[in-house]
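Numbering of residues begins at 1 and proceeds along the displayed sequence.
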Amino acid sequence: MGNVTSNVAAKFAFFPPDPPTYDVTEDEDGTLYMPGVSADKNMDVHLLETKVGNKIVATLWKHPFARFTVLYSHGNAADLGQMHELFIELRAHLRVNIMCYDYSGYGASSGKPSEFNTYHDIEAVYDCLKKEYEVKPDELILYGQSVGSGPTLHLASRLQKLRGVVLHSAILSGIRVLYPVKMTFWFDIYKNIDKIRQVSCPVLVIHGTNDDIVSWSHGKRLWELAKEKYDPLWVKGGGHCNLETYPEYIKHLRKFINAMEKISLTKATSQSSSTNSSNSSIDVKQNKCLRWKKLATATQV
């Protein structure tokens, strides 16, 4: 058992880029920015303190007419400096705000990376979205790539009325990447196979059929276990780190976002009709537009 535990830990050792690909500086007025990365006026930089005292970097890439906010948890061996071009593309193509962050020990975030620190990290980011930008769960989509599926499902399993979850090259659990075990052991990490059962919102699973790091079987099983399944995207020939290069990737994500928007409008109209049958549909749509305009106006520089 000791050898198994060591193997799991070794396989899922965290690999933050060394040195980090960016740094964070503070302007005279106290505004944080990332030289070479934050030239975009519609991007906010935050330094957030977690419940265990680590200071993590988070960035919000804002769209003036965003339909939702996506909280993105990236994969291993990457930091925000390497991924900002992807976030810009997703913001433009999906018409959403993108909130992303570096785990403890990654990039300019302090502390050391660990499973439980990533849970504290995503909780701090969610608190920021809730308190500083007034983002509600039904306006939020959680996105987890590879190891990022761990903190994503940790938060998704604890929140009610989330708009949606995206699992990109996700894992069932740490030990299941190494061995096709049939039960969950106490020493396993990122027990996604158990947490996915507690997620009550629509779940989109994206996985490459030729993934040689996390088997396609992980994505298929997570999709099977999801309570509210959305049409999965199985990228034929796709690997573990290249799914964004396939044209069907952005097309399917856009389809998912559009579906979530239709669900949101339908639910809002239905709820309003029960309390005000005369003009509730118009009022709800106007309130929704005002809420998103408030977020865009409040956050624009």
Which heavy-atom pair separates [X] from [Y] by the least distance, and what is that distance?
X: Ser149; Y: Ala170; answer: CB-CB, 3.5 Å
X: His74; Y: Leu80; answer: CD2-CD2, 4.4 Å
X: Ala108; Y: Asp102; answer: N-OD2, 4.5 Å
X: Ser146; Y: Gly75; answer: CB-CA, 4.2 Å
X: Gly144; Y: Thr152; answer: CA-OG1, 3.1 Å
X: Phe256; Y: Gly164; answer: CZ-CA, 4.3 Å

Next on the checklist: Val96 vs Ile141, test: side-chain contact (heavy atoms from CB on, under 4.5 Å). Steps then yes/no.
Outcome noted: CA-CA 10 Å; Val96 295; Ile141 294 173; 5.9 Å; no

Checklist entry - Given the rule in the side-chain contact (heavy atoms from CB on, under 4.5 Å) test, do Asn97 and Val70 qualify, once you have shown the distances and angles that lead to the verdict? => result CA-CA 6 Å; Asn97 301 312; Val70 174; over 6 Å; no

Next on the checklist: Would Trp61 and Leu90 count as a side-chain contact (heavy atoms from CB on, under 4.5 Å) here? Give the steps.
Outcome noted: CA-CA 10 Å; Trp61 299 83; Leu90 291 177; over 6 Å; no

Next on the checklist: Would Lys236 pass as a cation-pi partner of Trp234, given that its NZ or CZ must be under 6.0 Å from the six-membered ring centre and within 45 degrees of the axis?
Outcome noted: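 Checked: cation-pi criterion not met.
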
Going by an N to O cut-off under 4.0 Å, is there a salt bridge joining [X] and [Y]?
X: Lys191; Y: Asp194; value: no
X: Arg91; Y: Asp40; value: yes
X: Glu248; Y: Lys251; value: no

Checklist entry - Mind checking whether His154 and Tyr119 have parallel, tilted or perpendicular rings, split at 30° and 60°? => result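 The rings of His154 and Tyr119 lie parallel, inter-plane angle below 30°.
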
Working to the nearest 0.5 angstrom, can you tell me the gap between [X] [atom1] and [Y] [atom2]?
X: Leu71; Y: Ile98; atom1: CG; atom2: CD1; result: 9.5 Å
X: Leu94; Y: Tyr143; atom1: CG; atom2: OH; result: 9.0 Å
X: Asn192; Y: Leu225; atom1: CG; atom2: CG; result: 11.0 Å
X: Ile196; Y: Glu224; atom1: CD1; atom2: CD; result: 11.5 Å
X: Leu153; Y: Lys195; atom1: CG; atom2: NZ; result: 8.0 Å
X: Leu142; Y: Tyr126; atom1: CG; atom2: OH; result: 9.0 Å

Are [X] and [Y] side-chain neighbours, meaning at least one heavy-atom pair lies under 4.5 Å?
X: Ser169; Y: Val214; result: no
X: Tyr106; Y: Tyr101; result: no
X: Arg176; Y: Asp188; result: yes
X: Asp79; Y: Pro16; result: no
X: Trp223; Y: Ile206; result: no
X: Cys100; Y: Phe87; result: yes
X: Glu244; Y: His168; result: yes
X: Leu167; Y: Leu204; result: no

Checklist entry - Are the aromatic ring centres of Tyr249 and His93 under 6.0 angstrom apart? => result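 No, the ring of Tyr249 stays outside the 6.0 Å limit from the ring of His93, centre to centre.
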
Counting N and O atoms only, with roles assigned by atom type, does the side chain of [X] sit under 3.5 Å from a partner on the main chain of [Y], one being a donor and the other an acceptor?
X: Asp29; Y: Thr31; value: yes
X: Arg95; Y: Phe65; value: yes
X: His46; Y: Leu48; value: no
X: Ser109; Y: Val57; value: yes

Item to check | Tyr103-Ser73 side chain donor-acceptor pair, cut-off 3.5 Å | outcome: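 No donor-acceptor contact under 3.5 Å links the two side chains.
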
Next on the checklist: Quick one, Tyr33 with Val24, criterion side-chain contact (heavy atoms from CB on, under 4.5 Å). Give me CA distance, side-chain angles, the key distance, then yes/no.
Outcome noted: CA-CA 6 Å; Tyr33 66 98; Val24 174; over 6 Å; no

Next on the checklist: If you count every heavy atom of other residues, nucleotides or ligands that lies below 6.0 Å from Arg158 atom CZ, does the total exceed 12?
Outcome noted: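 Incorrect, the count does not exceed 12.
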
Next on the checklist: Gln145 vs Tyr72, test: side-chain hydrogen bond (donor to acceptor under 3.5 Å, both in side chains). Steps then yes/no.
Outcome noted: CA-CA 8 Å; Gln145 179 188 14; Tyr72 193 110; 3.1 Å; yes

